[in-house]
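Have a look at the structure below, then the notes.
Side chains are part of it too, since the values below use all heavy atoms of this structure and drop only hydrogens, waters and symmetry mates. Remember, it's a predicted structure, so these values are computed and weren't measured experimentally.
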Amino acid sequence: MNTYPFTIGNYHALVISDGGMPVTREFFLANTPDPITQQFPEEFHAPLNFIHLEVDNEHILIDAGFGAECEDAGQLIQALDNHGITRDDIDHVILTHGHLDHIGGAVSEGKPSFPNADYYLHAAEWEMWASRPSSKEHEILSNLGSSINIIQEDIEILPGIKLFLTPGHTNGHLAVMIHSEDEKLLVVSDILSDPRTLNHPSSHIGLEISPEQGRETRKDIIEYAEQQGLMLFVCHYPFPGLGYIEQDHGTYKWKAK
C-alpha cells in the first residue's frame with residue numbers, strides 16, 4: 001500500500017495508491033499512435049493515485065478512489081487509517097468527476113463514506129449523470145444526499161484551493177490548483193493518461209465523453225504547465241503521479257518528482 005508524503009507551502013500532502021485499475025491498451029490509449037501503444041501489454045493495471053491535504057486542522061481529499069467497485073483497488077481508506085486519518089476526520093472531498101475509480105469510495109453501504117465532509121462536484125457533471133438515472137455513477141452521487149455541493153463556476157473552497165472546469169474527459173471534469181507560500185501544485189486528474197502520450201494530445205482514455213474537447217483541454221494544460229513550471233499531480237501516471245512537463249527542442253517530456 002504505497003503512500004508518499006510531501007509539502008506544498010503550509011499544506012501537508014499525502015499521495016495514496018488506491019491499487020490498480022485493470023484496463024486494455026485499446027481502452028486506456030484510445031486514438032494513440034501504434035509505436036506508443038505497442039509499448040504496453042494488451043492488458044495491464046493502470047495506476048490509481050489520489051491525494052490528501054491537511055492545513056490548519058482541515059482535511060481535504062481529492063477524489064475517493066474505487067471503494068468496493070473494483071476488487072483490485074479500494075485501498076485508499078485503509079491507507080488513510082494507517083496514517084491516523086479516520087473517515088470522520090475528512091472535512092472536504094473534491095470529486096473531480098464521476099467515473100467509478102474516482103467516486104466509488106465516496107459512498108459505503110449507501111451512505112457517505114466521510115460523514116462529516118462536504119463533497120464538491122461541478123453542475124455539468126451532476127447533470128451528465130442525472131441524465132443516466134440507471135447508472136451506478138448516478139446511484140453513488142445520489143447517495144451523497146445533502147452532503148454534496150453542486151458548484152456552478154470556478155471557486156476557491158479554502159484559501160489556496162481553487163477548483164476550475166476542465167471539460168472533455170467528462171462534461172464537468174475539475175482540475176484543482178493548490179497554492180501556498182509561493183508553491184503550487186496543479187491536480188489534473190484524468191486530463192492526462194500516461195507520460196508517453198504527452199506529445200499526442202488526441203490520445204485519451206476510452207470513456208472520454210468529448211475527445212475533441214478533451215484534446216483542446218490537454219493542449220492548454222500541457223502548454224500552461226510547461227510555461228509556468230508547475231508541478232502536476234496526475235491520477236494515472238506512475239506512482240506517485242507527481243512531476244513536471246519540460247520541453248526539449250519542441251518535444252514535451254515528463255520529469256517525475
Side-chain angles (χ1 to χ4, degrees), residues 1-2 4 15-51 63-76 96-105 128 132 135-137 166-171 173 175 187-223 225-226 232-248 251-257:
M1 193 174 295
N2 289 334
Y4 181 88
V15 176
I16 301 164
S17 170
D18 194 46
M21 178 173 65
V23 296
T24 64
R25 65 187 180 195
E26 288 76 17
F27 166 81
F28 195 68
L29 300 157
N31 200 28
T32 303
D34 285 344
I36 295 178
T37 60
Q38 295 305 313
Q39 298 176 39
F40 293 79
E42 290 187 5
E43 297 181 355
F44 61 98
H45 281 74
L48 292 167
N49 305 310
F50 299 102
I51 191 166
D63 288 325
F66 248 128
E69 299 301 320
C70 176
E71 63 181 12
D72 297 319
Q75 300 175 14
L76 183 146
T96 62
H97 63 295
H99 286 151
L100 291 178
D101 53 324
H102 296 260
I103 67 168
M128 186 181 82
R132 306 176 186 187
S135 68
K136 186 66 176 180
E137 292 86 350
T166 48
H169 183 67
T170 61
N171 292 351
H173 187 285
V187 177
V188 300
S189 193
D190 282 15
I191 294 170
L192 303 175
S193 58
D194 185 273
R196 283 165 279 193
T197 66
L198 273 177
N199 295 286
H200 302 279
S202 292
S203 175
H204 62 273
I205 299 170
L207 285 177
E208 189 145 288
I209 296 297
S210 175
E212 182 175 347
Q213 190 174 42
R215 179 176 60 85
E216 293 306 311
T217 294
R218 273 184 288 282
K219 286 176 60 179
D220 290 345
I221 288 291
I222 289 169
E223 291 174 5
E226 188 274 329
L232 297 183
F233 175 74
V234 192
C235 174
H236 297 303
Y237 272 26
F239 183 85
L242 294 165
Y244 301 84
I245 295 174
E246 298 181 346
Q247 192 171 170
D248 183 18
T251 298
Y252 291 113
K253 296 182 178 180
W254 178 249
K255 182 180 180 181
K257 179 175 169 64

Tell me, do [X] and [Y] make a side-chain contact under 4.5 Å, heavy atoms counted?
X    : Y    : value
F50  : Q75  : no
V188 : T166 : no
T37  : D34  : yes
R218 : L192 : yes
L232 : W254 : yes
Q213 : E208 : no

>> For E212, is the CD atom crowded, meaning more than 12 foreign heavy atoms sit under 6.0 Å from it?
In response: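 Check fails, neighbour count at 12 or below.
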> Would the number of heavy atoms belonging to other residues, nucleotides or ligands and lying under 6.0 Å from CD of Q38 be above 12?
Replying inline: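 Correct, the count exceeds 12.
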Roughly how far apart are [X] [atom1] and [Y] [atom2], rounded to 0.5 Å?
X    : Y    : atom1 : atom2 : value
F27  : L207 : CZ    : CG    : 4.0 Å
T217 : I191 : OG1   : CD1   : 6.5 Å
F239 : N2   : CZ    : CG    : 4.5 Å
H169 : I205 : NE2   : CD1   : 5.0 Å
M21  : C235 : CE    : SG    : 7.0 Å
E26  : E43  : CD    : CD    : 9.0 Å

What are the two closest non-hydrogen atoms of [X] and [Y], and how far apart are they?
X    : Y    : result
E69  : G104 : CG-CA, 3.9 Å
L198 : Y237 : CD2-OH, 3.6 Å
P22  : D72  : CG-OD2, 3.7 Å
I103 : G98  : CD1-O, 3.2 Å
L48  : G20  : CD1-C, 3.8 Å
D18  : G67  : OD2-N, 4.4 Å

>> Between I36 and S203, does the side chain to side chain contact (heavy atoms under 4.5 Å, CB included) criterion hold? Intermediate values first, please.
In response: CA-CA 10 Å; I36 295 178; S203 175; over 6 Å; no
>> For D190 and H236, which I'm curious about, is there any donor-acceptor pair between the side chains at under 3.5 Å?
In response: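 Yes, because at least one side-chain N or O of D190 sits under 3.5 Å from a partner of the opposite role on H236.
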>> Any donor-acceptor pair under 3.5 Å linking the side-chain atoms of N199 with those of T251?
In response: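 Per modelled atom types, T251 and N199 side chains form no pair under 3.5 Å.
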>> Under the criterion side chain to side chain contact (heavy atoms under 4.5 Å, CB included), I'd like the reasoning laid out for Y4 against N49: C-alpha separation, chi angles, the key distance, then a yes or no.
In response: CA-CA 10 Å; Y4 181 88; N49 305 310; over 6 Å; no
> Only one of H97, H173, E137 clears side chain to side chain contact (heavy atoms under 4.5 Å, CB included) with H102; which?
Replying inline: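 Among the candidates, only H97 passes.
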>> Are F28 and F44, when compared by the centres of their aromatic rings, separated by less than 6.0 Å?
In response: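 Yes.
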